[in-house]
Amino acid sequence: MNDLEIKLFTEGILLANDEFFIDALKKFDDLIVNFPDSELVDDAYYNKGLCYLSSSQYDKAINEFKTVITDYPDSTISVLQGNEEFGKTPTKCIYAIVNCLLIQNKVN
């Protein structure tokens, strides 16, 4: 992983934490486009989904989460300095999809 990959991802996370979702999405997209083989790409898709979820764009969120499940079935949350999150990324995506569907009242 090079410094620019980490920088784009970290900036995206910080922007998302400050609820600048459009700017965060741009950082994650820059990472995905410019570093398609990065170990952070699955995390970028996951965080894009979270940005869409937080901004009530549930169908877009679900699409991002499904990308992780389909394209990165064995991925795990990347551990960067200061990150306390861990686990299987697709599992977190399934949980997030259920939340999207519950919010939309699509689960009985």
Side-chain angles (χ1 to χ4, degrees):
M1 218 176 336
N2 74 40
D3 290 343
L4 185 54
E5 293 171 67
I6 294 169
K7 181 179 182 214
L8 287 169
F9 185 76
T10 303
E11 287 175 352
I13 293 293
L14 293 172
L15 288 163
N17 287 343
D18 289 338
E19 298 183 2
F20 293 109
F21 300 121
I22 293 170
D23 295 327
L25 288 165
K26 171 93 172 81
K27 295 292 181 181
F28 296 133
D29 282 335
D30 286 349
L31 172 65
I32 291 165
V33 169
N34 293 310
F35 302 97
D37 297 324
S38 172
E39 67 182 69
L40 293 172
V41 169
D42 61 307
D43 298 290
Y45 279 114
Y46 172 69
N47 282 286
K48 282 182 66 179
L50 293 178
C51 287
Y52 286 127
L53 174 60
S54 295
S55 58
S56 303
Q57 297 181 63
Y58 306 114
D59 291 334
K60 287 183 178 182
I62 290 169
N63 286 335
E64 299 297 336
F65 296 135
K66 284 183 177 179
T67 297
V68 175
I69 294 166
T70 303
D71 296 349
Y72 306 93
D74 299 320
S75 62
T76 58
I77 299 292
S78 291
V79 178
L80 296 176
Q81 185 175 13
N83 183 13
E84 297 177 12
E85 193 170 354
F86 61 92
K88 299 285 186 183
T89 313
T91 303
K92 291 179 179 281
C93 289
I94 292 168
Y95 177 74
I97 289 170
V98 170
N99 282 329
C100 288
L101 295 174
L102 286 170
I103 291 167
Q104 296 178 85
N105 202 23
K106 292 186 177 179
V107 176
N108 296 334

**Request:** For F20, enumerate each residue passing the side chain to side chain contact (heavy atoms under 4.5 Å, CB included) test, keeping only those at least two apart in sequence or located in another chain.
**Result:** L15, D18, D23

**Request:** Please check if I103 and F21 belong to a single hydrophobic cluster, counting links between Ile, Leu, Val, Met, Phe, Trp and Tyr side chain heavy atoms closer than 4.5 Å.
**Result:** no

**Message:** Going by the rule side chain to side chain donor-acceptor pair (under 3.5 Å), which residues pair with S55 if we only count those two or more places apart in sequence or in a different chain?
**Reply:** Q57

**Residue list, side chain to side chain contact (heavy atoms under 4.5 Å, CB included) with I94, at least two apart or on another chain** = I69

**Prompt:** In chain order, what residues pass the side chain to side chain donor-acceptor pair (under 3.5 Å) check against S56, with sequence neighbours excluded?
**Reply:** Y58

**Message:** I'd like to know whether CG of D3 has more than 12 heavy-atom contacts from other residues, nucleotides or ligands below 6.0 angstrom.
**Reply:** no

**Item:** Atom pair CG (L8) and NZ (K26), whose distance is rounded to the nearest 0.5 Å
**Value:** 9.0 Å

Donor-acceptor contacts, no H, no angles, side chain residues 31-38, under 3.5 Å, sequence neighbours left out:
| unit_1 | atom_1 | unit_2 | atom_2 | d |
| --- | --- | --- | --- | --- |
| N34 | ND2 | D30 | O | 3.0 |
| S38 | OG | E5 | OE1 | 2.4 |
| S38 | OG | L40 | N | 3.0 |

**Asked** By side chain to side chain contact (heavy atoms under 4.5 Å, CB included), which residues pair with D59, not counting sequence neighbours?
**Response** Q104, K106

**Asked** For the hydrophobic clusters of this structure (ILVMFWY residues joined by side-chain heavy atoms under 4.5 Å, transitively), does one cluster hold both L101 and F65?
**Response** yes

**Pair listing, side-chain hydrogen bond (donor to acceptor under 3.5 Å, both in side chains) test, anchored in residues 61-72, at least two apart** = K48-E64

**Complete:** Besides Y52, the hydrophobic cluster formed by Ile, Leu, Val, Met, Phe, Trp and Tyr side chains linked at under 4.5 Å, directly or via other members, contains L25

**Request:** Give the minimum heavy-atom separation between A24 and A16, together with the two atoms involved.
**Result:** CB-N, 3.6 Å

**Fill in**
Applying ring pair (Phe, Tyr, Trp, His ring centres under 6.0 Å) to F28 and not counting sequence neighbours gives F9

**Prompt:** Say you draw a straight line from OH of Y46 to OG of S75; how long is it, rounded to the nearest 0.5 Å?
**Reply:** 11.0 Å

**Request:** Look up atom CG in N47 and atom CG in D42, then write down how far apart they are to the nearest 0.5 Å.
**Result:** 9.5 Å

